[in-house]
Asks: 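Encoded as structure tokens, here's the structure I'll be asking about.
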Amino acid sequence: DAKTTQPPSMDCAEGRAANLPCNHSTISGNEYVYWYRQIHSQGPQYIIHGLKNNETNEMASLIITEDRKSSTLILPHATLRDTAVYYCIVRPPRGGADGLTFGKGTHLIIQP
Amino acid sequence: DTAVSQTPKYLVTQMGNDKSIKCEQNLGHDTMYWYKQDSKKFLKIMFSYNNKELIINETVPNRFSPKSPDKAHLNLHINSLELGDSAVYFCASSQAGGAGELFFGEGSRLTVL
């Protein structure tokens with residue numbers, strides 16, 4: 001899997017948009033960008049994934065640059081419950097049974 | 001209904017003992033995984049398994065062994081427990097082919113004394 005680089009931590013005010021960046025400059029043409037998060041003492045939770053186009057679901061939006069070398073996860077109206085470690089992962093769409101490789105992620109802290 | 005459930009949630013045991021952690025998923029998935037999260041919070045895959053193939057992370061000691069009685073269950077057996085085995089162990093599942101969306105259990109915190 002291609003490596004990703006994320007800032008170790010970020011703060012965001014409650015109610016504001018949280019923008020989490022991820023660099024994946026060595027991403028291959030068929031590799032997707034996935035985002036997961038892990039709230040304290042819980043299992044990781046899938047958020048969103050995309051290939052080239054921007055994606056949006058009920059949790060977040062994913063913006064992927066045209067050259068696909070970086071992406072941004074956007075939580076439009078952050079709440080205190082969004083405080084978590086956010087992981088950006090790249091992998092082929094059908095990677096077999098090899099799961100996901102997690103990096104260090106970004107610890108997002110939502111401030112009241 | 002919990003999609004991926006693990007038992008026990010907490011496990012405290014002595015060095016040298018043998019223990020098991022159970023995992024069940026009711027999502028109809030074909031692939032299941034075990035991850036280990038150590039004290040530094042790094043999540044590392046230990047095993048992935050479907051009804052055809054077991055993939056073992058080569059860094060995992062052979063004291064760890066997954067056992068799958070059926071495709072809805074993947075239990076983790078650990079022999080001769082060591083202090084360094086203390087961690088949170090997460091079970092996960094996904095559709096066959098590994099489309100990337102994994103569903104995780106809530107974790108089992110193992111403490112070896």
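Chain letters run A, B, ... following the sequence lines, proteins first and then strands; every chain starts at 1.
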Asks: Consider only side-chain heavy atoms of I, L, V, M, F, W and Y, link residues closer than 4.5 Å, and tell whether A:Y46 and A:I89 are in one cluster.
Replies: yes
Asks: Please check if A:L20 and A:M59 belong to a single hydrophobic cluster, counting links between Ile, Leu, Val, Met, Phe, Trp and Tyr side chain heavy atoms closer than 4.5 Å.
Replies: yes
Asks: Do the side chain of A:Y36 and the main chain of B:L102 share a donor and acceptor less than 3.5 angstrom apart?
Replies: yes
Asks: When the aromatic ring centroids of B:Y35 and A:F102 are compared, is their separation below 6.0 Å?
Replies: yes
Asks: Under 4.5 Å between side-chain heavy atoms, hopping through other hydrophobics if needed: is there a path connecting B:L54 to B:L74?
Replies: yes
Asks: Tell me, for B:Q37 versus chain A, whether the close heavy atoms (under 4.5 Å) come from the side chain, the backbone, both or neither.
Replies: side chain
Asks: Take atom CZ in A:R16; do more than 12 heavy atoms of anything else shown fall under 6.0 Å from it?
Replies: no
Asks: Count the heavy atoms of every other residue, nucleotide or ligand shown that sit under 6.0 Å from CZ of A:R68, and state whether that count exceeds 12.
Replies: yes
Asks: Looking at A:Y34 and B:E101, what are the two nearest heavy atoms and their distance?
Replies: CE2-N, 4.3 Å
Asks: Do you know which of B:K40, B:E106, B:K41, B:K44 has the most heavy-atom pairs with chain A at a distance under 4.5 angstrom?
Replies: B:E106
Asks: Are there over 12 heavy-atom neighbours, none belonging to B:N62, within less than 6.0 Å of that residue's CG?
Replies: no
Asks: To check you understand the geometry: which heavy-atom pair defines the closest contact between B:F90 and A:G43, and what is its length?
Replies: CE2-CA, 3.3 Å
Asks: Is the shortest side-chain heavy-atom distance between A:Q45 and B:F104 below 4.5 Å?
Replies: no
